[in-house]
Amino acid sequence: MRELPKAYNPQGAEENLYKLWEESGFFAPEAHPPWAGSPETNPNYGKTFTIIMPPTNANGDLHAGHGLVMTLEDIMIRFNRMRGKKTLWLPGNDHAGFETQVVYEKVLEKQGRSRFDIAPEDLYKEIWGFTQNNRSNINSQVKKIGASCDWSREKFTLDRDIVKTVYSTFEKLFHEGLIYRGKKIVSWCPKHQTSFSDLEIVDEERTDKFYYVKYGPFTIGTARPETKFGDKYVVMHPADKRYQQYKDGQKIELEWINGPITATVVKDEAVDMEFGTGAMTITPWHDAADFDIAERHHLDREQIIDEQGRLLPIAGGFAGMKITEARPKIVEKLASKGLVEKIDDNYKHAVKLCYKCNSLIEPQVKSQWFIKMRPLAEPIIKAIEKKEITYVPDHYEKITLHWLNNIIDWNISRQIIWGIPIPAKICDTCEGGLPDLENKVSTCPKCKEELREETDTFDTWFSSGQWPFAALGYPDSKDFKEFYPTQVMETAGEIIFFWVSRMLMLGKYVTGKLPFNTVYLHGLVLDAKGKKMSKSKGNVINPLDLTAKYGTDAFRMGLIVGNTPGTSLALSEDKIKAHKHFANKLWNIARFVLSHVDEAALRQKPELLPKHKKILEEFAEIARNVTADIEEFRFYLAAEKLYHYAWHTFADKVIEESKEQFRGGNGQAQCSAQWTLFVILRDLLKLLHPFTPFVTEAIYQNLPDETADWAKQQTLMIEQWPA
RNA sequence: GCACGCAUAGCUCAGCUGGUUAGAGCGUCGCAUUCACAUUGCGAAGGUCUCUGGUUCGAAUCCAGAUGCGUGCACCA
């Protein structure tokens, strides 16, 4: 008979429990509990289970979404560990290039400084220090969530060996013709002063003015008159009857914004005859569709707007103006020359914005490094079609296929200092470039000119896209050989293209094997009202406040119960509170059982009453169902079933009815009840452990040391799963 | 335009392969308390499962369509 304190106090218990686990050494896959060491006692002997933790951005605190990641992955890890698999959960941090630089720019801003005033190497050192501080901070927060990951294998995306792997991938891609340096139109953020890939751009529907402007004999439509200074090509559809008297290549003299120019007629099928007047002029330097037309017809292109978003000297009197202030003035000038035919005030169109600062994206023509994605995507499309990858929820399969089938080349150049430098030399004459890992090449192989060192860095996703094999020590390490490919990639549905799909492509390309065979995607964690959390809205919920208030187990249950994969979850404090009650209920269940169980009596299995046999059978059924639910990633159901069983079956019925046997004082009935209650409590703790590791361990540590058919382990974490 | 979702109690959502009176948490109302637990227990109210049609012995669940909401991608002179 044991006496537990009246209420469970998570605040006092959790830190020591985590320490107990960590010091036990069982976070590492090498350590196996006594029962797991042979195929006779462990049906999963020799099997591995590996999750590579999505590397946490080393630029701030843990947020609620991280809480969900850590909980989901910890559930899978603890479950598989208890099932006897050699289980590895590899933690890591991401330098998160652009994201971190943006965060750090805000830090600088507060100090009245700017990144453009700091020498690049000094800035790099500062951000390095910043991320190192954040790393240790974040790791301690991850521990508070209860993550049972192997800290001895923790990696950072800027570790020397990771960078080496990233470099060799870059070189391999280049030599196999899959990376090229090309002068193409890219999305440029005038605020952040860097180019992006297509994924960092968001669209927004806007209503603007649409101007009909006379262009010689034509009327052209435009929403951006400020880009039109250099327009010297007027394009129409070859089948457009309205313009059939104008021939492709025909020159026309006309009066334009800053005086007379010679325009050239171009016929191209990209023009939509239904839109505007069916005639348009093009600005290839600042518009992707125009760029394509210019490419097809080998037309000149000229920069009109500089990197800061100001007009260049070609704009004549408007040079130096920001485009927004220039626009009305330019329209005014056009109008004064009688060139504005009409203005439509209600033109709805989508504009492209920087996903981070919502600045208008100004496309620019730049020489950047691109990856040809088509050849990388093909094998993944085939793998998905052959069902070599399981998506949870499965509709992500279609979403991925749709994206892969329409994939475009990936710009991996970023004009920021915080990142992995692109190890290459570039030629300012031919604008080509080549990898030069050992700094050996000095003249351009094509034009024999002197090369200069590339100053751009890689898109962070280029390195994190290689994370599973890089973090495991590809190609020669023992870990890579033993744990790659991994089993599950669990991450946010939001980054399915950014990260998951690119990991599949780069992993398959570099190692020949898919990096994982199951992709589990969770939705967003929203605030209690269902709104996206953001610092500017001030509705960010700090997970550590909640764990401090209600206990980590309650927080974890609040994130898991009722949260189906792929759908977003409104994080309600009430729900977490309810699960604090659950943790306490569990504690009191244990309090009752342990105070009614005679340890000595457990050393011999009693003859069980038929009703107790039936109760144990029903419990075994629950255990089997829960096991199947976890194996099939229905954590929300498994958690709910256990919650329900513990409270409304075990406590409300089994325990209540057992009081009769304890009151009766009948020896056999009482022994049968004791045995039944104890076995269910013990095995219920095991089943609940992946979900609520702390309270279950706290109770476990108070269990008797042995029974007729069982001996207590060092920690509940390494007990054998009861189903 | 193409694609992918969602629609169930006042609120937030479950309902896994179609099968008896559709569930949970929170909220509301009532009752109970020295006996594991007030961080509690018991009970109640509250749902034509968006609509229409179909498949089926049987549909919240499968199929088709409609309506509403959301998301991604593309176009956007």
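Note: hydrogens, waters and symmetry copies are ignored here, and every other heavy atom, side chains too, is used. Residue numbers begin at 1 in each chain, while the letters A, B, ... track the order of the sequences.
- Atom pair A:Ile185:CD1 and B:rC75:C1' shows a separation of 15 Å (rounding to whole Å applied).
- The 5' end of RNA chain B is approached more closely, in terms of each residue's nearest nucleotide, by A:Gly562 than by the other of A:Gly562 and A:Met280.
- At a cut-off of 3.5 angstrom, the base of B:rC37 holds at least one donor-acceptor pair with the side chain of A:Lys585.
- Residue A:Lys575 has no polar side-chain atom (N or O) positioned under 4.0 Å from OP1 or OP2 of B:rU12.
- Using a 4.0 Å cut-off on heavy atoms, the residues of residues 283-295 of chain A that approach RNA chain B are A:Asp287, A:Ala289, listed by number.
- Residue A:Ser658 has no polar side-chain atom (N or O) positioned under 4.0 Å from OP1 or OP2 of B:rA36.
- No N or O donor and acceptor, one from the side chain of A:Arg591 and one from the base of B:rC37, sit under 3.5 Å apart.
- Aromatic ring centres of A:Tyr520 and A:Phe635: separated by under 6.0 Å.
- For the segment residues 493-501 of chain A, residues with any heavy atom less than 4.0 angstrom from an atom of RNA chain B are, sorted by number, A:Phe497.
- Checked options A:Arg327, A:Arg224, A:Lys228; the residue passing with A:Tyr211 is A:Arg327 (criterion: side chain to side chain contact (heavy atoms under 4.5 Å, CB included)).
- When each of B:rA36, B:rC76, B:rU39 is scored by its nearest atom to the side-chain atoms of A:Asp203, the top-ranked nucleotide is B:rC76.
- For the C1' atoms, the distance linking B:rU55 with B:rC13 amounts to 30 Å, nearest Å.
- If you take atom P in B:rC26 and the same atom in B:rU39, they sit 14 Å apart, rounded to whole Å.
- Listed nucleotides B:rA36, B:rC4, B:rC76 differ in distance to A:Asn588; the shortest reach to its side chain belongs to B:rA36.
- With both ends at atom C1', the span from B:rG10 to B:rG1 equals 40 Å, rounded to whole Å.
- Distances shorter than 4.0 Å separate none of the side-chain N or O atoms of A:Tyr636 from OP1 or OP2 on B:rA24.
- Pairing partner, B:rG41: B:rC31, with both Watson-Crick or wobble hydrogen-bond distances short of 3.5 Å.
- Distance A:Asp652 CG to B:rC37 P: 15 Å, rounded to the nearest Å.
- Using a 4.0 Å cut-off, no side-chain N or O of A:His402 falls inside it from OP1 or OP2 of B:rC2.
- Salt-bridge annotation for A:Arg556 and A:Glu14: absent, with no side-chain N of the basic residue lying under 4.0 Å from a carboxylate O of the acidic one.
- In this structure the side chain of A:His237 never reaches within 4.5 angstrom of the side chain of A:Lys267, judged on heavy atoms.
- Minimum atom distance to the side chain of A:Ala578 is reached by B:rG25, of the listed B:rG25, B:rG72, B:rC16.
- Distance check on atom C1': B:rU40 versus B:rC4 gives 46 Å, rounded to whole Å.
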Quick one: which protein N/O atoms are closer than 3.5 Å to N/O atoms of nucleotides 18-22 of chain B? Pair and distance per line, please.
none

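- No engagement by A:Phe218 is indicated, since no non-hydrogen atom pair under 4.0 Å with the nucleic acid exists.
- Atom CZ of A:Phe592 is separated from atom C1' of B:rU40 by 15 Å (rounded to the nearest Å).
- A:Thr400 pairs in a side chain to side chain contact (heavy atoms under 4.5 Å, CB included) with only one of the listed residues (A:Ile389, A:Asn405, A:Ile496), which is A:Ile496.
- Distance, A:Glu573 CD to B:rC11 P: 21 Å, rounded to whole Å.
- To the nearest whole angstrom, the two P atoms, one in B:rG15 and one in B:rA24, are 15 Å apart.
- As a whole-Å value, the separation of A:Tyr550 OH from B:rU39 P is 13 Å.
- Proximity of A:Ser595 to the phosphate of B:rA36: no side-chain N or O atom is located under 4.0 Å from OP1 or OP2.
- The structure places CD1 of A:Ile293 at 6.5 Å from NE2 of A:His297, a figure rounded to the nearest 0.5 Å.
- Comparing B:rG15, B:rU39, B:rG25 against the side chain of A:His648 picks out B:rG25 as the nearest.
- Side-chain atoms of A:Ile589 lie closest to B:rA36 of the nucleotides B:rA36, B:rA14, B:rU40.
- Checking B:rG10 for Watson-Crick or G-U wobble geometry (two distances, each under 3.5 Å) identifies B:rC26 as its partner.
- Under the Watson-Crick or G-U wobble criterion, with both distances below 3.5 Å, B:rU17 has no partner in any strand shown.
- Comparing the P positions of B:rA3 and B:rU48 gives an interatomic distance of 35 Å, to the nearest angstrom.
- Heavy atoms of A:Ala590 sit nowhere under 4.0 angstrom from any nucleic acid atom.
- Within the nucleic acid shown, A:Ser572 has no heavy atom closer than 4.0 Å to any nucleic acid atom.
- Of the candidates B:rC37, B:rG41, B:rA24, the closest approach to any side-chain atom of A:Trp647 belongs to B:rG41.
- Nucleic acid contact class of A:Asp574 (heavy atoms, under 4.0 Å, all strands): sugar-phosphate only.
- Judged by distance alone, the side chains of A:Glu573 and A:Tyr550 do bring a donor and an acceptor atom under 3.5 Å apart.
- For A:Lys641, no side-chain nitrogen or oxygen approaches OP1 or OP2 of B:rA14 to under 4.0 Å.
- With distances taken from any side-chain atom of A:Lys659 to the nucleotides B:rA36, B:rC76, B:rC16, the minimum falls on B:rA36.
- In this structure, A:Glu205 reaches neither bases nor backbone, as no heavy-atom distance under 4.0 Å exists between it and the strands shown.
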